[in-house]
K.L.:
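Sending over a structure as structure tokens; questions will come in a sec.
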Protein chains: 2
Amino acid sequence: MSDAPRKREVNDARRKRDASPVGGEFRIGFLVHDVSRLRQAVFDQAMKPHGVTRAQWWALAQLTRHDPRGGMTQAELARLMELGKVATGAMVMRLEAAGLVSRRADASDRRLNRVFVTNRGSRILERMIAVGRELNGTLLRGLEPDDLDAADRVLTALRSRLRAQLRADGVTGD
Amino acid sequence: MSDAPRKREVNDARRKRDASPVGGEFRIGFLVHDVSRLRQAVFDQAMKPHGVTRAQWWALAQLTRHDPRGGMTQAELARLMELGKVATGAMVMRLEAAGLVSRRADASDRRLNRVFVTNRGSRILERMIAVGRELNGTLLRGLEPDDLDAADRVLTALRSRLRAQLRADGVTGD
DNA sequence: CGATGATCGTACGCATGCTTACCATTTGGC
DNA sequence: GCCAAATGGTAAGCATGCGTACGATCATCG
């Protein structure tokens, strides 16, 4: 790793608390981490009275959105949510334990477990959407649309680069 | 990998797959979640040969940065990293198990556990910084500085709003 | 038709973070 | 001086996600 010292007047986003080697250049990274963590906490808190977490609500949304009646397999759901099989399986298990989905084996292909949203799941999802919409509105209110678009661009770019990086190094393939 | 230059006029960030109630308005939120998750995976993968995860590396950095010699208490570390006591304690435990830090009870206040970075910890941290810097460079290279600033603004705003929201509703106090 | 590989799902263990509960110590008001 | 509150840590349990390994099925090729 022959590393030439990079110029540091690249931008002023790293203005303060930058005396250390790790603090300025990773600002966005850790900012993302913080926001993700806090967002999870806030959403979970807002949705706790309804008994569903944010991740569960999102999974439920994917299920109804792409297959209102058919029954999605876990593998399909995993691809939709861009999660691993294992994480998806655990999520479905929790949803089933909460009575929000049910699983039935497919008749023609016995490897498949088809997941159906229960009536209770649908009802709760409806409320969740309202709660999420309101919360999101609160969070984004007053922010510059241009900034939001720029943030969207940056995050989208980061996501695709991270995916590429992940595929390049670790050939997990999942 | 040919860089996939899809950065043209992405202005219509919420372009497709928006027919559902959950998909457009929560885009940034889930984008943040994805980036955070992927970033964790990529960093961990890059640092795995050195035997340290991203979170551990960050904790190590905080320790050396704010107290090269003195020995920080876990509570101080928790505040620096904006984590709960429990998560911090678990982190320190893993770091200790890896031989990167050591804990000694404070003489004058026996509630305190002072955490010291070992020589091995320092050596590894050095390498980690180089790895992280390079990875971060790869991820951010070529992105518009203006966009990065805007993203920084948005994320910082989100973070403070989320914190406020969290304090408002859940009075955990930790 | 039968071996072989792909696919789906599960089991197990780890990392990270949260909450609630609890113990030990120190500190501060009286 | 003493008891109560604050403070530092730990323990236990849960949610989310990851990786590896494995069993069960299906699909395909020779």
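All chains are named by letter (A, B, ...) in the order of the sequence lines, taking the proteins before the strands, and each is independently numbered beginning at 1. Everything numeric here is computed off the predicted structure, so don't read it as measured data.
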K.L.:
Within the structure provided, determine whether B:Leu158 and A:Leu140 are in side-chain contact (heavy-atom separation under 4.5 Å).
P.N.:
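Yes - at least one pair of side-chain heavy atoms lies under 4.5 Å apart.
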K.L.:
Does a nitrogen or oxygen in the side chain of B:His33 sit under 4.0 Å from OP1 or OP2 of D:dG17?
P.N.:
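The answer is yes; a side-chain N or O of B:His33 sits under 4.0 Å from OP1 or OP2.
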K.L.:
Quick one: on DNA chain D, does A:Ala107 or B:Ala90 contact a more 5' nucleotide (nearest heavy atom)?
P.N.:
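Closest to the 5' end, via its nearest nucleotide, is B:Ala90.
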K.L.:
Of B:Gln40 and A:Asp109, whose nearest nucleotide on DNA chain C comes first from the 5' end?
P.N.:
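Its nearest nucleotide lies further toward 5', so the answer is A:Asp109.
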K.L.:
Can you tell me if A:Arg94 touches the phosphate of D:dA15, counting only side-chain N or O atoms and a distance under 4.0 Å to OP1 or OP2?
P.N.:
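So the side-chain polar atoms of A:Arg94 never come under 4.0 Å of the phosphate oxygens OP1 or OP2 of D:dA15.
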K.L.:
For C:dC8, does either OP1 or OP2 sit under 4.0 Å from a side-chain N or O belonging to A:Arg110?
P.N.:
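For C:dC8, neither OP1 nor OP2 has a side-chain N or O of A:Arg110 closer than 4.0 Å.
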K.L.:
Of A:Thr73 and A:Ala41, whose closest DNA chain C nucleotide lies nearer the 5' terminus?
P.N.:
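Looking at DNA chain C, the more 5' nearest nucleotide goes with A:Thr73.
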K.L.:
Can you check whether B:Leu77 reaches B:Val115 side chain to side chain, under 4.5 Å on heavy atoms?
P.N.:
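They are not in contact (no side-chain heavy atoms under 4.5 Å apart), so the answer is no.
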K.L.:
Regarding A:Arg114 and the six-membered ring of A:Phe116, is the cationic atom NZ or CZ under 6.0 Å from the ring centre and inside 45° of its axis?
P.N.:
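Because its charged atom misses either the 6.0 Å distance or the 45° angle limit, A:Arg114 does not stack over A:Phe116.
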K.L.:
Under 4.0 Å from OP1 or OP2 of C:dT16: is there any side-chain N or O of B:Gln56 that close?
P.N.:
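Checking B:Gln56 against C:dT16: at least one side-chain N or O falls below 4.0 Å of OP1 or OP2.
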K.L.:
With nearest nucleotide decided by heavy atoms, which residue, A:Asp44 or A:Arg111, maps closer to the 5′ end of DNA chain D?
P.N.:
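Closer to the 5' end of DNA chain D: A:Asp44.
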K.L.:
Would you say D:dT10 has OP1 or OP2 under 4.0 Å from some side-chain N or O of B:Gln74?
P.N.:
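For D:dT10, OP1 or OP2 has a side-chain N or O of B:Gln74 closer than 4.0 Å.
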